[in-house]
**Q** 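Following this message is one structure expressed as structure tokens.
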Amino acid sequence: VDPRIETLQRKAAADAGVIGLGGGLPADAQFPRKALVAAFLEALSSAGLPALQYGWPEGLASLREKIARRLNGRGMNVGPDDVIITNGAQQAIALSLELVCRPGQRIGVDAETYPAALDLFRSRGLRPHAGPGAFEALYSTPALANPRGTSLDGAARAQLLARRLPILEDEAYAELRFDGALAPPLAATAPQRVFLIGTFSKTLCPGLRVGWLVPPPRYRRRALRLKHDSDLQSNSLAQAIVDHVLAHDDFDERLVRLRRFYRRRASRLAAALKRHLPSWRFRFPEGGFTIWAEADDVVDEARFLAHATRHGVSFDPGSMFRADARTTPTAVRLSFAAAPGPELEEAVRRLARAWSRRREVRSVTLPSPSPLAAM
Ligand SMILES: Cc1ncc(COP(=O)(O)O)c(C=O)c1O
């Protein structure tokens with residue numbers, strides 16, 4: 001991410017006067033706080049205190065078992081030993097990448113994709129590229145894409161598989177598909193070359209940093225080696241908490257509630273966009289947290305972000321999501337998840353006001369980069 005953009009986002013996040021439509025944060029009102037407190041207390045009182053002790057690199061057996069069972073409900077055929085608990089989906093992407101790509105190689109991505117994956121690919125010396133070409137591996141989010149909130153249809157999934165390349169299949173948002181059945185992962189069809197990646201960040205809470213990786217069997221030992229070398233194991237306490245929540249709460253019922261909640265939020269944001277920014281184009285998402293919107297006019301997007309934050313709203317500029325960091329066509333990703341529902345309308349009103357004064361953008365000066373931005 002452009003350090004100027006990250007600096008603006010950090011400033012906006014610290015400013016209570018700015019409504020944040022950026023980021024992929026869940027609604028904090030949806031964190032199951034009571035269940036988490038109960039799970040925490042339980043973890044600290046269970047015999048032998050395994051939640052405070054070292055564990056194995058693959059992670060807690062009972063949690064792996066639950067994840068395997070859930071995946072098998074979607075057409076996979078895996079056991080607990082096929083699952084590795086990771087520090088979020090991000091670590092699962094990083095481990096998979098290390099197993100299949102070398103610096104200088106090309107990795108295929110969607111036209112717009114998850115920015116921290118692009119950052120990771122670049123910092124590993126890879127060249128992410130959208131569109132046709134020769135690649136070493138593909139990174140894809142077939143179940144539900146970030147930022148567009150779309151899923152791949154059967155033909156597109158078959159096309160991906162037909163390329164016969166290793167695929168990093170990122171299902172971070174899969175379970176937050178609003179309606180309809182979730183297709184089996186690509187990994188169910190091609191378990192020998194698909195790395196299946198998932199997380200509890202979007203459905204429980206990201207602060208626990210619990211995700212998973214199901215690598216193809218022949219990569220499993222090396223994945224565990226890499227995991228061990230980098231952090232020995234994922235956080236025992238966090239794993240115990242998630243395991244307890246899954247054992248005692250009806251997680252599927254929770255997902256039903258979350259989907260309903262986020263669909264309502266999406267409708268609210270979509271209605272506000274139609275009302276206040278009718279010239280912007282977008283498609284209603286099939287799930288997830290965000291709407292991707294495009295506009296015809298070209299603006300300097302970092303300056304437009306600075307300008308918008310002065311009007312009290314922030315967002316994620318389109319270039320963050322593109323492998324070539326293109327700023328055209330002008331696009332923004334807007335989250336309907338994190339800001340309180342009633343603020344969405346006001347946020348879009350502010351965005352529309354900033355957009356109507358986009359002529360002023362040229363004279364906006366950007367802050368000097370924060371020392372923490374784009375490290
Ligand atoms: C597509 C995608 N993959 C992975 C992640 C990272 O998830 P985690 O918090 O589990 O590392 C995100 C977070 O926004 C995401 O959008």
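Start at 1 and go down the list; that is how both ligands and their atoms are numbered.
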**Q** Write down, by chain and number, every protein residue that brings a non-hydrogen atom to less than 4.0 Å from an atom of ligand 1.
**A**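 Lining ligand 1 at under 4.0 Å, by heavy atoms, one finds G88, A89, Q90, Y114, Y139, N146, D170, A172, Y173, T199, S201, K202, R209.
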**Q** Counting the benzene-type ring for Trp, do Y114 and Y173 have ring centres under 6.0 Å apart?
**A**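 No, too far apart.
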**Q** To the nearest 0.5 Å, how far apart are OG in S267 and CZ in F284?
**A**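 Separation between the atoms: 3.5 Å.
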**Q** Could you list the cluster mates of L152? Members are the ILVMFWY residues connected by side-chain heavy atoms closer than 4.5 Å, either directly or through other members.
**A**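 Joined to L152, directly or through intermediates: F135, L138, L160, L161, L165, I167, L186, V194.
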**Q** Keeping the roles fixed (side chain from R122, backbone from P128), state whether a donor-acceptor pair exists under 3.5 Å.
**A**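 No, R122 side chain to P128 backbone: no donor-acceptor pair under 3.5 Å.
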**Q** When R70 is tested against each of E175, E171, E65 for salt bridge (Lys or Arg N to Asp or Glu O under 4.0 Å), which residue passes?
**A**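 Filter result, single survivor: E175.
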**Q** Which label fits F178 and F336: parallel for a plane angle under 30°, tilted from 30 to 60°, or perpendicular past 60°?
**A**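 Correct class here is tilted.
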